[in-house]
2 protein chains.
Amino acid sequence: MTFHLSLNTGTVRDISLAEAVEATAQAGLGYIGVWRDRVAEAGLDEAAKMIADAGLKVSSLCRGGFLTAADEAGQRSALEDNRRAIVEAATLGTRELIMVVGGLPSAAHVLGGRGDRNDKDLAGARSRVADRLAELVPFAREHNVRLVLEALHPMYAGDRAVLSTLKQALDLAAPHPAETVGVVVDTFHVWWDPELEVQIARAGREGRLASYQVCDFNLPIAADALLSRGMMGDGVIDFAPISRWVADAGYTGPVEVEIFNQEIFDQDPALTLKTMQQRWEELVLPALEGRG
Amino acid sequence: MTFHLSLNTGTVRDISLAEAVEATAQAGLGYIGVWRDRVAEAGLDEAAKMIADAGLKVSSLCRGGFLTAADEAGQRSALEDNRRAIVEAATLGTRELIMVVGGLPSAAHVLGGRGDRNDKDLAGARSRVADRLAELVPFAREHNVRLVLEALHPMYAGDRAVLSTLKQALDLAAPHPAETVGVVVDTFHVWWDPELEVQIARAGREGRLASYQVCDFNLPIAADALLSRGMMGDGVIDFAPISRWVADAGYTGPVEVEIFNQEIFDQDPALTLKTMQQRWEELVLPALEGRG
């Protein structure tokens, strides 16, 4: 089995899609994972063409989601936005639309959104995610796109995702066809989970393991907690066991590196790609290939 | 059932034990939860006398633990320190010794400790915690002290506790008598857990629910992530359901407020106690008493 490395444009946040595509192709990678804001800047059709012309494939589109609104207007606008994201994924030629499901209405303002500051009902927010997901599934299916549920680290349970574990993601996916609702394993978010090995195996068995993303968990946690993601090897995560579990679960797709880290944003993207490739070959690939 | 509020001295970090005892008694609380550093400053016997003379009881001693050392010297020193903590708890007249089990050797330096910076073996660290716990149980039993396992928020899995969920804590406690190994529910650490209701009920059934601690999860996360704990009502946690689950599980002990928060450290401790009592009566007590 040959595994492919993919650059997620979040890792090179401050350059354009054209620059990211060029750097990725130059580094010899076959895949790129793209964020919607970079695609929007370039224009959707132009982005698709640019990526194809460079000989790259899109490993995933980031991101759909934010499905927890309690008011009707917020729910309608979330559904519209997610339908647009589904169309974008299909246009870009990827099946995998990463879904960050959203946080509590009471915490939405932290990210500049709106919501009732008194609404801290976690069970209610989770139940609305399930409802919105069910509403999106037929549209995703028509477009041959998979809604890929991302369990986020529990430190983001308030403002970004009330979905915090892989088990919870698989339970949420369970009512839907595996080709339309999958899950992603992002090491930063799930490395600590005592149930991780069991749930990765389950994801494989259920045919829902749609994406594997690697980056490290840096310590001390960055002052802006969102930027605590690190280059593999710089933090506390042991990539070998997790990568073995992912390979044992039958995952054969591209492996994305998505790092939000100010130091990495500030450095030459070519250096980022080079370091990324070295660390991948040293810390991730051997375990995926059953050599480490 | 009458529930009692307790001030954990961590909430008033910068004052002496004598000052904390006085403020607690003055506020009319019957309990205080104490940190070992404050006790050591006062002297153990003097601390016990001071607390008793003020008419207070000790709800818990914080903290034992840090059991993950991989080298023999580190393991021996951890066992010695925990035996001292057990004696201190008994001397202070509390059965509950809160255990923060420790992080990865590779991350120990973040807290000023030592350890192999390459040792990121999470399963190994967890297995050493189980081994050290088994070694401490007979000594704790002799002293009629309960080792109270604390699942810490997964954001601290690297440097502070490889124990991240209540389920994991109960699984770790399972081989030992319930009167000697218990668990604590600290809302900050576990509020996000999709299994929380089920595991609190299990803790009650198994007779291991030894302590309930309340404080909020503030957003955005503080620049020093340890200080993101907040006064109840200031963050994203809904205290009603969790408090109901705790009461339904049969918990009748004191409820500690332990908040690490720079603004609260900087304000008058009397104001902290007053706010704490108001929020307790508004947000926690009604649910414990089945009124909310």
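Both backbone and side-chain heavy atoms feed into the values below; hydrogens, waters and symmetry mates do not. The chains referred to below are lettered A, B, ... by the order of the sequence lines, with proteins before strands, and numbering in each begins at 1.
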**Item:** B:Asp193 and B:Lys167 ion-paired at < 4.0 Å
**Value:** no
**Message:** Within this structure, what is the CZ-CG distance for the pair B:Phe239 and B:Leu288, rounded to the nearest 0.5 Å?
**Reply:** 11.5 Å
**Message:** Please rank B:Ala225, B:Ala223, B:Gly235 by heavy-atom pairs under 4.5 Å with chain A and give me the top one.
**Reply:** B:Ala223
**Prompt:** Just one of B:Val214, B:Leu196, B:Val284 clears the side-chain contact (heavy atoms from CB on, under 4.5 Å) bar with B:Ile242, so which one?
**Reply:** B:Leu196
**Item:** CD/B:Glu135: more than 12 non-hydrogen atoms of other groups inside 6.0 Å
**Value:** yes
**Asked** Does any heavy atom of chain A fall under 4.5 Å from the side chain of B:Ile237, the backbone, both, or neither of them?
**Response** backbone
**Asked** Out of B:Asp121, B:Asp119, B:Val110, B:Leu219, which one racks up the most heavy-atom pairs below 4.5 Å with chain A?
**Response** B:Leu219
**Request:** Evaluate the side-chain proximity of B:Ile98 to B:Gln213: yes if any heavy-atom separation is below 4.5 Å, no if none is.
**Result:** yes
**Item:** Region of B:Arg117 that comes under 4.5 Å of a non-hydrogen atom in chain A
**Value:** neither
**Asked** Is any side-chain heavy atom of B:Leu104 less than 4.5 Å from a side-chain heavy atom of B:Leu122?
**Response** yes
**Request:** With a 4.5 Å cut-off on heavy-atom pairs, point out which of A:Ser106, A:Gly158, A:Ala222 contacts chain B the most.
**Result:** A:Gly158
**Message:** Check this for me: does any side-chain nitrogen of one of B:Arg244 and B:Asp238 sit under 4.0 Å from a carboxylate oxygen of the other?
**Reply:** no
**Item:** Contact class of A:Glu195 relative to chain B, heavy atoms under 4.5 angstrom
**Value:** side chain
**Message:** Can you tell me which portion of B:Ile221 sits under 4.5 Å from chain A's heavy atoms? Options are side chain, backbone, both or neither.
**Reply:** both
**Message:** Counting heavy-atom pairs under 4.5 Å with chain A, which one of B:Arg126, B:His109, B:Glu197, B:Lys120 comes out on top?
**Reply:** B:Lys120
**Request:** For each of B:Phe217, B:Trp191, B:Tyr156, tally heavy-atom pairs with chain A at distances under 4.5 Å, and name the one with the top tally.
**Result:** B:Trp191
